[in-house]
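Before any comments, here is the structure.
Counting convention: from 1, in listed order, for ligands and their atoms alike. Owing to the predicted nature of the structure, the values given are computational and were not obtained by experimental measurement.
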Amino acid sequence: MRRPMVAGNWKMHGTRASVAELIEGLANLALPGGVDVAVFPPSLHVSLVVDCLEGQLISVGAQNCAHQAGQGALTGEVSSTQLADAGCKFVLVGHSERRQVMGESNEVLNRKFEAAQAAGLIPILCIGETLEEREAGKTLEVVGQQLGSIIEELGVGAFVNAVIAYEPVWAIGTGLTASPEQAQEVHAAIRAQLRQENSEVAQGVRLLYGGSVKAANAVELFGMPDIDGGLIGGASLNADEFGAIIRAAGN
Ligand code: 13P
């Protein structure tokens with residue numbers, strides 16, 4: 001049985017004051033026991049969030065890491081080693097905003113994924129198609145290539161200690177959610193691709209859906225057989241809404 005997970009990606013939001021307020025709201029939530037919960041603040045606030053969530057059953061992750069672990073001359077970057085040292089458990093790799101806006105390629109993301117695991121972090125590999133690609137009927141091809149790049153480079157065994165998030169780019173921050181059936185179709189294809197390499201790995205890996213998830217649509221999405229939880233953007237900035245999404249995953 002896969003344990004559901006709900007992750008909140010705060011993106012480039014939050015000041016010290018608003019982060020403290022959000023954490024207070026999260027700490028007051030009555031969370032179901034069977035769901036893994038993690039929040040992903042901007043790296044600037046990671047230490048603050050780790051300190052404030054001490055003793056809570058909420059893990060902390062980072063939104064990005066450098067393509068090399070350890071320490072070194074890499075101005076402006078934060079390494080997976082440093083993030084682990086600061087108390088992070090997870091790191092997002094390949095969010096579409098980084099693929100598209102920052103131009104991160106599969107090659108760079110393979111190295112980030114590897115660096116994350118080398119430092120003991122659990123990478124959450126984000127994959128998904130643009131609207132143009134969906135309309136051209138290329139969704140499964142695009143997602144298959146993004147996933148295949150890691151499998152080819154690092155082997156399917158890399159997913160024993162990783163999570164995958166399917167986030168259709170057209171559904172991110174747009175209010176347009178993939179229907180439960182659309183999301184399930186892609187999740188099933190992701191699992192099938194992993195199963196071709198190793199059925200045990202395929203069966204064990206958690207597949208999160210992301211893209212305009214709210215309390216109002218979470219129950220239906222999380223009810224699909226291959227959707228093991230969600231990666232939440234905007235709605236994770238509101239503790240009550242995020243709490244309702246977590247409870248939906250616990251049902
Ligand atoms: P929204 O939930 O705001 O659509 O963002 C999804 C996302 O990108 C999470 O990583």
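- If you check the side chains of Tyr209 and Gln182, you find no donor sitting under 3.5 Å from an acceptor.
- Listed by first and then second residue, the salt bridge (charged side-chain N to carboxylate O under 4.0 Å, His left out) pairs that reach into residues 221-231 are Arg2-Asp228, Arg191-Asp226, Arg191-Asp228, sequence neighbours excluded.
- Every salt bridge (Lys or Arg N to Asp or Glu O under 4.0 Å) that Glu97 has, sequence neighbours left out, goes to Lys11.
- No side-chain donor-acceptor contact under 3.5 Å links His95 and Gln63.
- For the ligand labelled ligand 1, residue Gly211 lies inside the 4.0 Å heavy-atom shell.
- When each of Arg99, Lys112, Arg111 is paired with Glu104, the salt bridge (charged side-chain N to carboxylate O under 4.0 Å, His left out) condition holds for Lys112 and for no other.
- The shortest N or O to N or O distance between Ser212 and ligand 1 is under 3.5 Å.
- Of the heavy atoms in Asn9, only side-chain atoms (C-beta onward) come closer than 4.0 Å to ligand 1.
- Considering backbone and side-chain atoms alike, Gly233 places an N or O below 3.5 Å from some N or O of ligand 1.
- The shortest separation from a heavy atom of Lys214 to ligand 1 is not under 4.0 Å, leaving the residue out of contact.
- Near His95, the atoms of ligand 1 lying under 4.0 angstrom from a non-hydrogen atom of the residue are 7 (C), 8 (O), 9 (C), 10 (O).
- Proximity of Ala171 to ligand 1, defined as any heavy-atom pair under 4.0 Å, is confined to the backbone N, CA, C and O atoms.
- Selection from Gln63, Glu167, Glu97 by nearest heavy atom to atom 7 (C) of ligand 1 gives Glu167.
- Proximity to Leu231 (heavy-atom distance under 4.0 Å) selects the following atoms of ligand 1: 9 (C), 10 (O).
- Note: an N/O pair closer than 3.5 Å links Gly234 and ligand 1 by distance alone.
- Among the atoms of Gly173, some N or O lies under 3.5 angstrom from an N or O of ligand 1.
- The CH2 atom of Trp170 lies 12.5 Å from the CD atom of Glu133; values are rounded to the nearest 0.5 Å.
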